[in-house]
Amino acid sequence: QVQLVESGGGLVQPGESLRLSCVVSGSLGPIYDMGWYRQVLGKQRELVAVITTSGRTTYAESVKGRFTVSRDNAKNTVYLQMASLKPEDTATYYCHVELDLRYDETDDAWGQGTQVTVSS
């Protein structure tokens, strides 16, 4: 029932910026933590950034100082502002949210992913 749709991915050059968006729809209860993960083919999915309902943020060490996660609760949207992009940031980026089983069928949900490619 809960749907997550990412947007904003694309091809950029090293040093450029990009902003990803994720819109959540169909949830019947509260949305708790919202975050971004990324995955390269052949490697494990890793957490990039997470933001709580109160606005507390956590980042992977590799993106600290370059990426900023934010959320707009009125729009059920989470963002990832990516600056100073590096080729190592190339991956499929997935949106993730935590839900409440008292209201929704699962306690979390994933988006389908959006591709970010950083290359010259």
Side-chain angles (χ1 to χ4, degrees):
Q1 267 190 349
V2 180
Q3 302 287 324
L4 281 64
V5 180
E6 302 100 333
S7 62
L11 173 64
V12 296
Q13 296 183 349
E16 295 297 313
S17 298
L18 206 58
R19 187 170 89 149
L20 305 182
S21 299
C22 172
V23 180
V24 183
S25 63
S27 63
L28 301 178
I31 299 173
Y32 299 125
D33 291 358
M34 306 179 80
W36 293 91
Y37 293 70
R38 66 186 182 187
Q39 186 171 28
V40 178
L41 282 177
K43 296 186 177 181
Q44 294 184 337
R45 189 172 299 186
E46 66 172 352
L47 186 143
V48 177
V50 63
I51 183 168
T52 69
T53 55
S54 63
R56 181 179 61 82
T57 58
T58 302
Y59 297 93
E61 193 68 29
S62 60
V63 308
K64 284 182 179 178
R66 300 188 298 120
F67 290 11
T68 302
V69 63
S70 61
R71 64 193 287 171
D72 185 334
N73 292 326
K75 296 181 178 180
N76 280 351
T77 301
V78 60
Y79 306 93
L80 185 67
Q81 180 67 50
M82 304 182 292
S84 302
L85 282 163
K86 305 175 180 180
E88 308 94 274
D89 296 317
T90 296
T92 301
Y93 284 72
Y94 297 89
C95 181
H96 177 263
V97 298
E98 293 184 342
L99 306 171
D100 192 327
L101 282 174
R102 291 176 294 182
Y103 300 93
D104 294 298
E105 295 181 345
T106 57
D107 63 5
D108 70 347
W110 292 91
Q112 81 289 338
T114 186
Q115 179 67 34
V116 173
T117 302
V118 184
S119 177
S120 60

*Asks:* Mind jotting down which residue pairs meet the salt bridge (charged side-chain N to carboxylate O under 4.0 Å, His left out) criterion with at least one end in residues 52-64? Sequence neighbours excluded, please.
*Replies:*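 Counting only pairs at least two positions apart or across chains, the salt bridge (charged side-chain N to carboxylate O under 4.0 Å, His left out) contacts touching residues 52-64 are Glu61-Lys64.
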*Asks:* Which pairs pass ring-ring contact (aromatic ring centres under 6.0 Å, His included) with one or both residues in residues 35-64, sequence neighbours excluded?
*Replies:*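 Sorted pair list: Tyr37-His96, Tyr37-Trp110.
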*Asks:* Just wondering, do Tyr32 and Val97 contact through their side chains at under 4.5 Å, heavy atoms?
*Replies:* no
*Asks:* When rounded to the nearest 0.5 angstrom, what distance separates CG in Asp107 from CG in Leu101?
*Replies:* 5.0 Å
*Asks:* Side-chain atoms of residues 1-9: list all donor-acceptor pairs with protein atoms under 3.5 Å, sequence neighbours left out, distances to 0.1 Å.
*Replies:*
unit_1 : atom_1 : unit_2 : atom_2 : d
Glu6   : OE1    : Gln112 : N      : 3.1
Glu6   : OE1    : Gln112 : NE2    : 3.1
Glu6   : OE1    : Gly113 : N      : 2.9
Glu6   : OE2    : Cys95  : N      : 2.8
Glu6   : OE2    : Gly113 : N      : 3.2

*Asks:* Taking atom CG of Leu47 and atom OG1 of Thr58, what is their separation to the nearest 0.5 Å?
*Replies:* 7.5 Å
*Asks:* So which atom in Val40 and which in Ala91 form the shortest heavy-atom distance, rounded to 0.1 Å?
*Replies:* CG2-CB, 3.9 Å
*Asks:* Given the ring of Tyr94, does Arg38 sit roughly above its face, with NZ or CZ under 6.0 Å from the centre of the six-membered ring and within 45° of the axis?
*Replies:*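 Because its charged atom misses either the 6.0 Å distance or the 45° angle limit, Arg38 does not stack over Tyr94.
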*Asks:* Measure across Val118 and Thr90 and return the closest heavy-atom pair with its distance rounded to 0.1 Å.
*Replies:* N-OG1, 2.9 Å
*Asks:* Which of these passes side-chain contact (heavy atoms from CB on, under 4.5 Å) with Leu99: Ile31, Leu28, Val24, Asp108?
*Replies:*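 That would be Ile31; it is the only one of Ile31, Leu28, Val24, Asp108 passing the side-chain contact (heavy atoms from CB on, under 4.5 Å) with Leu99.
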*Asks:* Indicate if Tyr93 and Val23 have the same hydrophobic cluster label, given that clusters are the connected sets of ILVMFWY residues with side-chain heavy-atom separations under 4.5 angstrom.
*Replies:* no
*Asks:* For Asp104, give me all partners under salt bridge (Lys or Arg N to Asp or Glu O under 4.0 Å), at least two apart in sequence or on another chain.
*Replies:* none
*Asks:* Between Ser120 and Gln13, do the side chains contain a donor N or O and an acceptor N or O under 3.5 Å apart?
*Replies:* no
*Asks:* Ser84: which residues meet the side-chain hydrogen bond (donor to acceptor under 3.5 Å, both in side chains) condition with it, sequence neighbours left out?
*Replies:*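 Result, side-chain hydrogen bond (donor to acceptor under 3.5 Å, both in side chains) vs Ser84: none returned.
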*Asks:* If you round to the nearest 0.5 Å, how far is CG of Asp33 from CD1 of Ile51?
*Replies:*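 Reported to 0.5 Å precision, the distance equals 9.5 Å.
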*Asks:* Between Pro30 and Tyr103, which heavy-atom pair has the shortest distance, and what is it?
*Replies:*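 It is CD-CD1, 3.6 Å.
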*Asks:* Would Met34 end up clustered with Val50 when hydrophobic side chains under 4.5 Å apart are linked, directly or stepwise?
*Replies:* no
*Asks:* Please name the pair of heavy atoms, one in Leu85 and one in Leu18, separated by the smallest distance, quoted to 0.1 Å.
*Replies:* CD1-CB, 3.9 Å
*Asks:* In a table with atom names and distances, give each donor-acceptor pair under 3.5 Å that connects a side chain of residues 73-81 to protein atoms at least two apart or in another chain.
*Replies:*
unit_1 : atom_1 : unit_2 : atom_2 : d
Asn73  : OD1    : Arg71  : NE     : 2.8
Asn73  : OD1    : Arg71  : NH2    : 3.2
Thr77  : OG1    : Lys75  : O      : 2.9

*Asks:* Under the side chain to side chain contact (heavy atoms under 4.5 Å, CB included) rule, what do Asp89 and Arg66 come out as? Steps first, then yes or no, please.
*Replies:* CA-CA 11 Å; Asp89 296 317; Arg66 300 188 298 120; 2.8 Å; yes
*Asks:* Judged by modelled atom types alone, do Ser119 and Thr117 share a side-chain donor-acceptor pair under 3.5 Å?
*Replies:* no
